[in-house]
Amino acid sequence: MNHGTSIHPAGRARARAALAALLVSAALLAGCSASGGSSSDGTAADARGGSATGGGPAPAPAATAGDEAGRQAKGDVAAPDYLSTFALDVDTASYGYARRVLGDGQLPKPETVRPEEFVNSFKQGYARPSGNGFSVSVDGARTGGGADGWSLLRVGLATKAADDTTPRPPAALTFVVDISGSMAETGRLDLVRSSLAYLTEQLRDDDSVALVTFSDKAETVVPMTPLRGHRTKIREAVESLHTANSTNVAAGVERGYDEAVEGRREGATNRVVLLSDALANTGETDADAILERIDSSRREHGITLFGVGVGSDYGDALMERLADKGDGNTTYVADEAQARKVFVDQLPAHVQLRARDAKAQVAFDRETVQQFKLIGYEDRAVADEDFRDDSVDGGEVGPGHTVTALYAVRLREKASGHVATATVRWLDPVTRKAREATGSVETGALDGALWGGSDARLQVTAVAAYFADILRGGTLPGTPALSELASRAKKLAAETEDGSVSKLADAIGRAAELKGAADDLPDAPAEGEMD
């Protein structure tokens with residue numbers, strides 16, 4: 001996906017050049033709902049600023065005339081940007097891989113840590129919409145811990161879960177399997193074989209699969225074949241997989257898309273599933289160049305890419321970029337239990353989509369908010385003005401998915417009233433019609449203390465985000481030490497009776513032993529969005 005680059009210059013230029021527009025937007029925002037959340041399956045309302053299909057960002061937050069006049073008189077370059085725009089992300093690979101590396105007695109490399117993937121690895125308990133759109137929940141709490149004035153603000157998006165009352169369309173899945181020499185290590189090709197065996201049993205008779213392998217070159221082992229009457233043939237093909245030579249990911253992906261296009265079924269969910277350690281060492285090794293070869297097939301036929309990473313030595317950056325550019329998502333499996341969860345519990349139900357090209361934009365109110373920082377999503381940044389440009393790629397979201405965006409927010413002294421409005425925009429996967437849903441939050445919703453008093457799931461989210469931030473260097477105000485995070489995670493595991501939270505506590509404990517106390521955090525900038 002092309003998510004754009006820096007969002008700051010454009011936002012600042014608009015703020016400086018259009019004070020009148022900002023004041024009008026403030027009036028529009030005053031008509032939005034109070035704290036909490038809302039959901040919508042309809043098209044965007046014109047009153048939110050911009051049309052459902054036209055370009056332009058969501059309404060900008062309020063600015064006081066005195067603040068703006070003072071900045072102009074002083075000759076300031078531009079007012080701070082109070083919009084945050086990003087493509088939705090349901091990936092979890094970064095967290096899964098970090099747990100694997102920590103289990104091996106090492107700290108993950110900072111560049112492999114993506115906080116949004118840590119956060120999105122845990123249940124949130126958001127209300128679900130009644131239809132095929134999104135629900136939007138916005139809440140938060142004060143962080144404390146010496147970070148005066150700071151809160152965590154949570155934007156939660158959720159889709160309706162899959163159910164048996166509305167049968168999903170059939171699936172046409174092309175499995176692209178890495179059989180290079182590096183896949184011989186235990187926990188790689190053997191795990192892929194068992195994963196595909198699980199999935200073959202879970203898919204329906206009216207689903208179809210193809211199997212492509214690659215090492216130094218790619219080969220079609222099974223062309224697109226219906227499962228009805230052919231399960232044994234497909235199972236035997238999977239069991240016969242064995243390792244060969246070097247890793248030509250480009251050849252595998254290109255052949256996989258060729259097979260997916262050749263076997264494409266109208267009305268079905270057509271998807272390429274790449275299973276690899278992503279350690280490309282032969283042929284084209286750049287993700288953008290690899291996806292460029294099959295770009296027309298991807299766009300014209302709507303074929304998405306699902307990346308499944310394996311192996312203790314894993315090409316995280318390549319797999320992540322492939323999934324981004326391939327309109328898909330990634331996960332990581334380290335053992336049989338995780339493989340069963342992904343291929344038995346999740347993938348069969350999630351082969352269809354609830355939303356295409358989904359983006360979110362959060363408009364902060366400058367009268368109440370002094371600073372804010374989106375935790376993670378750097379690779380998913382979208383230019384503010386591209387929020388309602390439906391030609392700009394967003395994220396693909398399936399049934400039952402939740403997406404969480406966590407912000408560090410510093411309120412102005414004695415601030416009261418509206419804090420932020422969150423808007424999610426997506427295309428219906430069938431009609432390609434643009435739809436939106438919104439939710440907003442007031443200062444009163446952020447009054448409670450984060451630790452001990454707030455929602456347990458919000459606390460789990462905070463622990464996961466702080467953990468990720470520490471692993472990649474730490475810049476967030478109020479970040480506890482790893483030992484404190486581990487202790488809080490253990491208490492939350494008992495409170496929620498959630499095994500995944502227990503595993504989080506174990507991972508934090510191992511990191512604490514390896515890393516020691518959290519690094520000192522630098523002072524934050526004085527205004528606007530933090531770098």
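Here the structure is a predicted model, which means the values were calculated and not measured.
When side chains are defined from C-beta on, Arg435 counts as touching Lys433, because their heavy atoms get closer than 4.5 Å. Looking at heavy atoms from C-beta onward, Phe387 lies out of side-chain contact with Val382 at the 4.5 angstrom threshold. Proximity of Trp426 to Val397: side-chain heavy atoms (C-beta onward) are nowhere separated by under 4.5 Å. Side-chain contact between Val403 and Asp89 is absent, with no heavy atoms from C-beta onward closer than 4.5 Å. Using a 4.5 Å cut-off on side-chain heavy atoms (C-beta onward), Phe134 and Leu88 make contact. The closest side-chain heavy-atom distance from Phe306 to Val272 is not below 4.5 Å. A 4.5 Å side-chain heavy-atom check between Ser195 and Val342 finds every atom pair outside the cut-off. Annotation: side chain of Leu157 is in contact with side chain of Val136 (closest heavy-atom distance under 4.5 Å).
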- From CA spacing to verdict: salt bridge (charged side-chain N to carboxylate O under 4.0 Å, His left out), Arg472, Glu378: CA-CA 13 Å; Arg472 67 174 189 166; Glu378 290 88 356; 2.9 Å; yes
- Query: What do the steps show when you test Ile375 against Val119 for side-chain contact (heavy atoms from CB on, under 4.5 Å), and what is the final call?
  - Reply: CA-CA 10 Å; Ile375 303 173; Val119 167; over 6 Å; no
- Task: Please lay out, stage by stage, how Asp178 and Leu275 fare under the test side-chain contact (heavy atoms from CB on, under 4.5 Å).
- Result: CA-CA 6 Å; Asp178 185 347; Leu275 302 104; over 6 Å; no
- Task: In sequence, state the C-alpha distance, the side-chain angles, and the governing distance for Asp205 and Arg231, and then conclude on side-chain contact (heavy atoms from CB on, under 4.5 Å).
- Result: CA-CA 9 Å; Asp205 281 350; Arg231 289 183 189 272; 3.0 Å; yes
- Given the rule in the side-chain contact (heavy atoms from CB on, under 4.5 Å) test, do Leu322 and Leu291 qualify, once you have shown the distances and angles that lead to the verdict? CA-CA 7 Å; Leu322 284 172; Leu291 268 299; 2.8 Å; yes
- Item | Verdict with supporting geometry, Asp379 and Arg321, salt bridge (charged side-chain N to carboxylate O under 4.0 Å, His left out) | CA-CA 9 Å; Asp379 294 342; Arg321 189 61 177 155; over 6 Å; no
- Task: Test side-chain hydrogen bond (donor to acceptor under 3.5 Å, both in side chains) on Thr112 and Tyr97 and set out the steps.
- Result: CA-CA 8 Å; Thr112 69; Tyr97 183 52; over 6 Å; no
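One N or O on the side chain of Ser135 and one on the backbone of Ala127 form a donor-acceptor pair closer than 3.5 Å. In this structure, the side chain of Arg354 engages the main chain of Lys160 through a donor-acceptor pair within 3.5 Å. No donor-acceptor pair closer than 3.5 Å links the side chain of Asn329 to the backbone N or O of Ala323. Between the side chain of Tyr332 and the main chain of Tyr314, no donor-acceptor pair closer than 3.5 Å is present. Looking only at distances, a side-chain donor or acceptor of Asn120 sits under 3.5 Å from a matching main-chain atom of Thr404. The backbone N or O of Thr330 lies less than 3.5 Å from a partner atom in the side chain of Asp91, making a donor-acceptor pair. With hydrogens and angles disregarded, no donor-acceptor distance shorter than 3.5 Å links the side chain of Asp386 to the backbone of Val392. No donor-acceptor pair closer than 3.5 Å links the side chain of Asp286 to the backbone N or O of Glu284. Side-chain N or O atoms of Lys123 include none that pairs as donor or acceptor with a backbone N or O of Asp498 at under 3.5 Å. In terms of modelled atom types and a separation under 3.5 Å, the side chain of Thr331 and the main chain of Thr92 share no donor-acceptor contact.
When all heavy atoms of Leu83 and Ala363 are compared, the closest pair comes out as CD2-CB, 3.6 Å. Nearest heavy-atom pair, Val209 versus Val222, reported as atom, atom and distance to 0.1 Å: O-CG1, 4.5 Å. The two residues Gln352 and Pro169 have their closest heavy-atom pair at NE2-CD, 3.9 Å. Among all heavy-atom pairs drawn from Ala493 and Val501, the shortest one is N-CG1, 3.6 Å. Here the shortest heavy-atom pairing between Thr143 and Leu450 reads CA-CB, 4.3 Å. Considering all non-hydrogen atoms of both residues, Ser500 and Tyr95 come closest at O-OH, 4.3 Å.
In summary, Asp316 and Lys109 do not engage in a salt bridge, as defined by a charged side-chain N under 4.0 Å from a carboxylate O. Between Arg432 and Asp357, no side-chain nitrogen of the basic residue sits less than 4.0 Å from a carboxylate oxygen of the acidic one, so the salt-bridge criterion is not met. Between Asp206 and Arg204 there is a salt bridge, since at least one side-chain N of the basic residue sits less than 4.0 Å from a carboxylate O of the acidic one. Here Arg99 does not pair with Asp335 in a salt bridge; the nearest charged N to carboxylate O distance is not below 4.0 Å. By the 4.0 Å N-to-carboxylate-O rule, Asp324 lies close enough to Arg380 to be salt-bridged with it.
Taking CD from Gln361 and CZ from Arg388, the interatomic distance works out to 7.0 Å, rounded to the nearest 0.5 Å. Expressed to the nearest 0.5 Å, how far CG of Leu152 lies from CG of Leu458 amounts to 7.0 Å. Taking CD of Glu396 as the reference point, atom CG of Leu427 lies at 9.0 Å (rounded to 0.5 Å). Between Glu320 atom CD and Glu117 atom CD the span is 5.0 Å, to the nearest 0.5 Å. A distance of 5.5 Å separates CZ of Phe372 from OG of Ser84, quoted to the nearest 0.5 Å. For the atom pair CD1 of Ile303 and CZ of Arg271, the computed distance is 11.5 Å after rounding to the nearest 0.5 Å.
Counting non-hydrogen atoms of neighbouring residues, nucleotides and ligands closer than 6.0 angstrom, the CD atom of Glu497 reaches no more than 12 such neighbours. Residue-environment remark: CD (Gln202) exceeds the threshold of 12 foreign heavy atoms within 6.0 Å. Atom CD of Glu201 sits in a crowded spot, with more than 12 heavy atoms from other residues, nucleotides or ligands closer than 6.0 Å.
In the model, Thr402 has no side-chain atom that pairs as donor or acceptor with a side-chain atom of Gln124 under 3.5 Å. There is no side-chain donor-acceptor pair under 3.5 Å between Thr269 and Arg168.
Aromatic ring centres of Tyr198 and Phe343 lie farther apart than the 6.0 Å criterion allows.
For the side-chain contact (heavy atoms from CB on, under 4.5 Å) test with Tyr407, the passing option among Val419, Val369, Leu374, Val138 is Leu374; the others fail.
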